[in-house]
Amino acid sequence: MMHVGTRILTVEDDERIRTAVRLALEDEGWEVEETASGEEALTAFTRAPADVVLIDIMLPGVDGFEVCRSIRRSSAVPIIMVTARADTHDVVAGLEAGADDYLTKPFAPKELSARIRALLRRYRSSETMPATMCFNQLEVSPEEGVVRLDGIEVHLTRTEFQLLVELGSHAGKVLSREDLLERVWGYDYFGDGRLVDVHVRRLRTKIEPDPGNPRFVVTVRGMGYKLQP
Amino acid sequence: MTADTERESALRPVGLRARILLAFAVGGLGLSVVLAGATMVLARGQLLETREESAAAVAVNNAVRLNNQLTPDTTFEDLPSIVDSLTSLEGSQLLVRLKTDWLLAPEFGRGDIPGVLTARIEGGQPGQIRAIVAGRPQLVIGLPLPSFDAAYYEVVDLAGVADTLGTIRIILLSAGAATTLLGAVLGWWASLRTLRPLRRVSAAAQAIAGGRLDTRLERQADPDLDALADSFNGMAEALEQRIRRDARFASEVSHELRSPLMTLTTTVGVLEARREQFSERSRTALDLLSHDLARFCRLVDDLLEISRFDAGAASLELTEINVANFVHASLHVAHLDDVSVADGLGGRPVVIDGDKRRLARVMANLLGNATHHGGGLTGVSMERDDTVVRISVEDHGPGVPAAEREQIFDRFSRGSSGGRRGGGSGAGLGLSLVWEDVRLHDGRVWVEEHADGGSGARFVIELPLPEDVLELEAT
């Protein structure tokens with residue numbers, strides 16, 4: 001199978017859901033490691049890092065946000081958050097904590113595997129990347145998978161990196177939220193624009209000298225974002 | 001107007017304001033009637049008494065002088081000169097009887113003197129009487145002069161007093177009218193003052209009815225009104241808690257349903273992946289299960305959403321939405337790409353501030369409604385005017401009877417056509433969510449007939465254009 005060797009770590013306190021999700025993911029040919037609490041998940045991740053982490057936000061003890069933040073401190077692994085509702089602060093808080101994408105309960109297994117595939121694609125498609133781009137002190141090298149600011153390497157998640165590459169390969173042109181959702185996340189028109197907004201914000205804190213007054217990734221009101229060459 | 005409504009309007013209770021005004025006016029009127037009446041009685045008595053006293057004094061004086069000037073030899077011919085020398089009060093006239101002869105005043109005859117009085121005088125007693133003489137109110141005073149077998153009469157005109165009283169009456173009537181009017185004005189003012197707190201109560205009640213459940217009345221440091229404010233606020237508090245509790249209950253139920261639904265959805269997904277391994281019967285059962293599970297999930301979602309509206313917790317996640325792109329994308333996700341879209345936006349991109357998730361649900365509901373219950377979608381149109389943009393969805397069904405065009409947006413409304421809309425695969429909450437979502441955007445939604453009068457319904461959503469766009473266009 002195509003994804004043999006892909007390990008997915010799931011954190012979910014409801015045993016039935018955990019089992020059902022494992023069945024669905026195993027059907028896709030992925031290897032699943034189940035954990036029932038935040039502590040267990042962090043231990044499991046430290047022992048053997050997974051390729052994708054699926055975290056339910058509502059956990060007893062260490063909650064999903066904390067698990068997400070802890071993993072992010074040491075790893076750029078793709079993280080999917082599972083929230084109860086799409087219109088709560090949970091979504092933004094989860095994205096701020098470092099999640100790459102989110103799903104709302106109840107979701108169909110097809111949706112979940114589509115999200116995981118989109119993330120894995122982002123994580124592994126460096127062969128088709130464009131050549132190195134330079135914008136003043138900012139150097140984006142898709143081949144190496146590295147971003148340098150004043151020659152110093154900046155650590156980005158793959159989603160942030162992909163976002164920067166998309167903006168960089170259209171430098172000076174405005175990309176709408178819908179364009180970015182499609183190019184980076186693989187969503188259609190109705191994808192959640194907050195994904196773009198939060199990731200742009202996180203990207204800015206890493207590459208902008210003054211994130212409150214960005215000079216690389218600028219907002220174009222009514223249209224979207226562009227990378228200022 | 002029918003007989004019933006006529007009776008109703010005749011019996012309709014008078015409003016509080018009218019009643020206060022009326023009470024003040026009637027009070028003013030009553031008071032002025034009593035005061036004017038008393039004034040009239042007193043003035044009349046006083047005026048008449050004065051007049052009569054002075055007339056009596058003059059009469060006695062005259063009678064004494066006449067008595068002194070008469071001699072036993074005085075004849076009737078001597079009388080006029082004697083009488084002329086007597087003083088006479090203005091408006092009074094003298095009559096004298098000497099033996100059987102009468103010296104009469106030009107206007108009076110003997111018959112004008114009341115018989116009661118003459119009888120008394122001839123009996124040797126002085127007397128006076130008020131009477132209408134020659135058509136006027138007069139005081140007739142009589143004094144006997146027994147020494148000469150004579151009598152002295154004086155007729156005093158009281159019309160002057162009556163005139164004065166008439167003037168006073170006019171003054172009192174005007175004063176009474178003025179007092180009544182003043183009473184009415186005071187009543188009007190008092191009713192305004194009295195009803196001002198009631199208007200605040202009414203405004204607060206309206207605000208609560210309009211969904212602002214946290215509306216409360218301020219205390220005004222008035223013990224009478226504060227009791228009202230307190231009980232009103234108590235009621236509002238109880239109402240708010242109750243509504244919030246109901247909404248929370250619905251929300252909690254939906255949340256509780258999420259976990260089993262999550263397991264079900266995932267498990268059914270796992271089964272569907274193995275579809276081909278099942279027998280025909282199992283496949284049919286799986287289809288039923290998966291179809292109704294999807295419906296159930298949608299219903300729980302809608303229920304949760306509507307409970308958020310009820311709790312006043314629904315909020316907008318605004319982003320800029322290009323209307324044309326949005327409409328085309330909505331058709332695309334509904335697999336309706338081949339439906340014709342009439343673009344009346346005037347060739348320029350129209351961008352509104354909207355909640356994409358909510359508006360997508362609105363479009364999905366309207367498109368689904370047209371496809372599943374409206375006999376098929378026939379067209380979508382977009383148009384704008386100065387302040388709003390309208391998106392219309394037309395179907396080919398039997399349309400919506402005029403009487404049901406508002407109810408159709410009610411929860412679980414099925415209409416007279418027996419579940420044609422909202423029934424079947426629809427959840428019955430779809431159109432009421434459309435209504436709530438559009439209203440949250442300060443927009444409107446309604447259903448009407450096709451513009452060309454053809455068969456079918458036309459659902460129109462109208463959303464406001466953002467103000468800065470309008471400003472931009474104006475400059």
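Sequence lines set the chain letters: A, B, ... in the order given, protein chains first and strands last, and positions in each chain run from 1. All values below come from the heavy atoms of this structure, side chains included, with hydrogens, waters and symmetry mates left out.
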Enquirer: Let me confirm one number: the OG-CG distance from B:S259 to A:D56, rounded to the nearest 0.5 Å.
Expert: 8.0 Å
Enquirer: Under 4.5 Å heavy-atom distance to chain A, tell me which part of B:A360 shows up: side chain, backbone, both or neither.
Expert: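 Looking at B:A360, backbone and side chain both touch chain A.
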Enquirer: Compare every heavy atom of A:P109 with every heavy atom of B:T265, then report the nearest pair and how far apart it is.
Expert: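 Scanning both residues completely, I find the closest heavy atoms to be O-CD, 3.7 Å.
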Enquirer: Nearest 0.5 angstrom please: B:E272 CD to A:D27 CG, how far?
Expert: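 Between atom CD of B:E272 and atom CG of A:D27 there are 12.0 Å.
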Enquirer: I need the residue from A:A108, A:G224, A:A24, A:A84 with the largest number of non-hydrogen atom pairs under 4.5 Å to chain B.
Expert: A:A84
Enquirer: Is the shortest side-chain heavy-atom distance between A:D192 and B:E317 below 4.5 Å?
Expert: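 Heavy-atom side-chain distance check fails, nothing below 4.5 Å.
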Enquirer: Would you sort out whether B:T266 and A:I17 count as a side chain to side chain contact (heavy atoms under 4.5 Å, CB included), showing the intermediate values?
Expert: CA-CA 8 Å; B:T266 311; A:I17 297 178; 5.6 Å; no
Enquirer: Has A:R69 got more than 12 heavy atoms of other residues, nucleotides or ligands less than 6.0 Å from its CZ?
Expert: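 Yes, CZ of A:R69 has more than 12 neighbouring heavy atoms, counting only those of other groups under 6.0 Å.
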Enquirer: Which residues in residues 168-185 of chain A have a heavy atom less than 4.5 Å from any heavy atom of chain B?
Expert: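 Within residues 168-185 of chain A, the residues that come under 4.5 Å of chain B (heavy atoms only) are A:R177, A:E178.
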Enquirer: Given heavy-atom pairs under 4.5 angstrom as the criterion, report whether the side chain, backbone, both or neither of B:N325 touches chain A.
Expert: both
Enquirer: With rounding to the nearest 0.5 Å, note down the distance linking NZ in A:K105 to OG1 in B:T263.
Expert: 8.0 Å
Enquirer: For A:Y189, does its backbone N or O pair with a side-chain atom of B:K356 as donor and acceptor, under 3.5 Å?
Expert: yes
Enquirer: Which residues pass the salt bridge (charged side-chain N to carboxylate O under 4.0 Å, His left out) test with A:R16, not counting sequence neighbours?
Expert: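 With sequence neighbours excluded, A:R16 shows a salt bridge (charged side-chain N to carboxylate O under 4.0 Å, His left out) to no residue whatsoever.
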Enquirer: Any non-hydrogen side-chain atom of A:F190 less than 4.5 Å from a side-chain atom of B:R357?
Expert: no
Enquirer: So for atom CZ, which belongs to B:F249, do other residues, nucleotides or ligands contribute more than 12 heavy atoms lying within a distance under 6.0 Å?
Expert: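 Atom CZ in B:F249 is not packed in, count stays at 12 or less.
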Enquirer: Under 4.5 Å between any side-chain heavy atoms of B:T267 and A:L23, yes or no?
Expert: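 The answer is no, as the side chains (C-beta and beyond) never meet within the 4.5 Å cut-off.
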Enquirer: Among B:T319, B:V333, B:D353, which residue has the highest count of heavy-atom pairs closer than 4.5 Å to chain A?
Expert: B:V333
Enquirer: In Å and rounded to the nearest 0.5 Å, what is the CE to CZ distance from A:M58 to B:R258?
Expert: 10.0 Å
